[in-house]
Amino acid sequence: MTEAPDPEVVELATRIFDMARSGRTEELVAYVDAGVPANLTNDRGDSLVMLAAYHGHADAVRALLERGADVDRINDRGQTPLAGAAFKGDTEVVKALLRGGADPAAGTPSAVDTARMFARAELLELFGAN
């Protein structure tokens with residue numbers, strides 16, 4: 001029999017995921033610096049980097065990567081943070097992820113495939129793809 005998760009832990013995790021989504025970088029990194037895993041994922045496999053990237057928070061992305069977050073961590077749907085940023089068309093976040101070592105070919109669909117799908121020529125150029 002599996003024990004139910006501690007409601008206080010669930011509430012804290014929810015707040016931390018919300019910080020990543022809303023770009024509250026200082027608060028977010030304070031938790032990571034205090035011991036919250038930089039690669040914490042939610043019930044859909046979305047990492048803190050994925051949530052920050054998808055919602056357009058380049059500063060939060062950079063801060064998490066500086067603290068060891070996996071730039072190419074794939075969620076339960078096979079997507080990477082770079083593909084999420086490419087979908088949103090956020091060049092600043094894309095550049096932050098690329099500087100952090102993101103692989104444009106990782107995931108399904110990959111960031112390259114996503115940029116092609118949405119005709120984001122400027123991103124394809126950043127990815128070195130046509």
S.K.: So which atom in D43 and which in D76 form the shortest heavy-atom distance, rounded to 0.1 Å?
M.R.: O-OD2, 3.5 Å
S.K.: Working to the nearest 0.5 Å, report the span between CG of D90 and NE2 of H55.
M.R.: 11.5 Å
S.K.: Does CD in E122 sit with more than 12 non-hydrogen atoms of other residues, nucleotides or ligands closer than 6.0 Å?
M.R.: yes
S.K.: Could you work out, with ring pair (Phe, Tyr, Trp, His ring centres under 6.0 Å) as the rule, every residue matching Y31, not counting sequence neighbours?
M.R.: none
S.K.: Would D46 and R77 pass as an ion pair if we require N to O under 4.0 Å?
M.R.: yes
S.K.: Do R15 and L12 have side chains that get closer than 4.5 Å, going by heavy atoms?
M.R.: yes
S.K.: Could you measure the distance from the CE atom of M50 to the CG atom of L82? Nearest 0.5 Å is fine.
M.R.: 9.5 Å
S.K.: Could you go through R62 and E92, starting from their C-alpha distance and side-chain angles, then the distance that decides it, and tell me whether this counts as salt bridge (Lys or Arg N to Asp or Glu O under 4.0 Å)?
M.R.: CA-CA 11 Å; R62 282 188 285 273; E92 185 182 358; 3.4 Å; yes
S.K.: Test your reading of the model: is there a side-chain donor-acceptor pair from R67 to the backbone of A63, 3.5 Å cut-off?
M.R.: yes
S.K.: Using modelled atom types and a 3.5 Å cut-off, is there a donor and acceptor pairing between side-chain atoms of H57 and backbone atoms of R21?
M.R.: yes
S.K.: Calculate, to the nearest 0.5 Å, the distance between atoms OG1 and CD belonging to T108 and Q79 respectively.
M.R.: 9.5 Å
S.K.: Any idea which heavy atoms bring S47 and T41 closest together, and the distance?
M.R.: CA-CG2, 3.9 Å
S.K.: Looking at D72 and D103, would you say the former's side chain and the latter's main chain have a donor-acceptor pair under 3.5 Å?
M.R.: yes
S.K.: Do any N or O atoms from the side chain of T114 and from the backbone of S110 form a donor-acceptor pair under 3.5 angstrom?
M.R.: yes
S.K.: Do L51 and V32 sit in the same hydrophobic cluster, where Ile, Leu, Val, Met, Phe, Trp and Tyr count as joined when their side-chain heavy atoms come under 4.5 Å apart?
M.R.: yes
S.K.: Would you name the heavy atoms of L123 and A115 that are closest together and state the gap between them?
M.R.: CB-CB, 4.1 Å
S.K.: Quick check for you: to the nearest 0.5 Å, what is the distance between R44 atom CZ and N75 atom CG?
M.R.: 9.5 Å
S.K.: Which atom pair, heavy atoms only, marks the closest approach of V61 to A96?
M.R.: CG1-CB, 4.3 Å
S.K.: Is there a chain of hydrophobic side chains (I, L, V, M, F, W, Y, each step under 4.5 Å between heavy atoms) that links F17 to L65?
M.R.: yes
S.K.: Which other residues belong to the hydrophobic cluster containing F87, where Ile, Leu, Val, Met, Phe, Trp and Tyr are joined when side-chain heavy atoms lie under 4.5 Å apart, directly or via other members?
M.R.: Y54, M117, F118
S.K.: Report whether V93 and V29 are members of the same hydrophobic cluster (ILVMFWY, side-chain heavy atoms less than 4.5 Å apart, transitive linking).
M.R.: no
S.K.: If you link I, L, V, M, F, W and Y whenever their side-chain heavy atoms are under 4.5 Å apart, who else ends up in the same group as V10?
M.R.: none
S.K.: Heavy atoms only: give me the nearest A86-R120 pair and the separation to one decimal.
M.R.: O-NE, 2.8 Å
S.K.: Under 4.5 Å between side-chain heavy atoms, counting indirect links through other Ile/Leu/Val/Met/Phe/Trp/Tyr residues: same cluster for V36 and V49 or not?
M.R.: yes
S.K.: Linking I/L/V/M/F/W/Y whenever any side-chain heavy atoms sit under 4.5 Å apart, do L97 and L64 land together?
M.R.: yes
S.K.: Compare every heavy atom of F127 with every heavy atom of A111, then report the nearest pair and how far apart it is.
M.R.: O-CE1, 3.5 Å
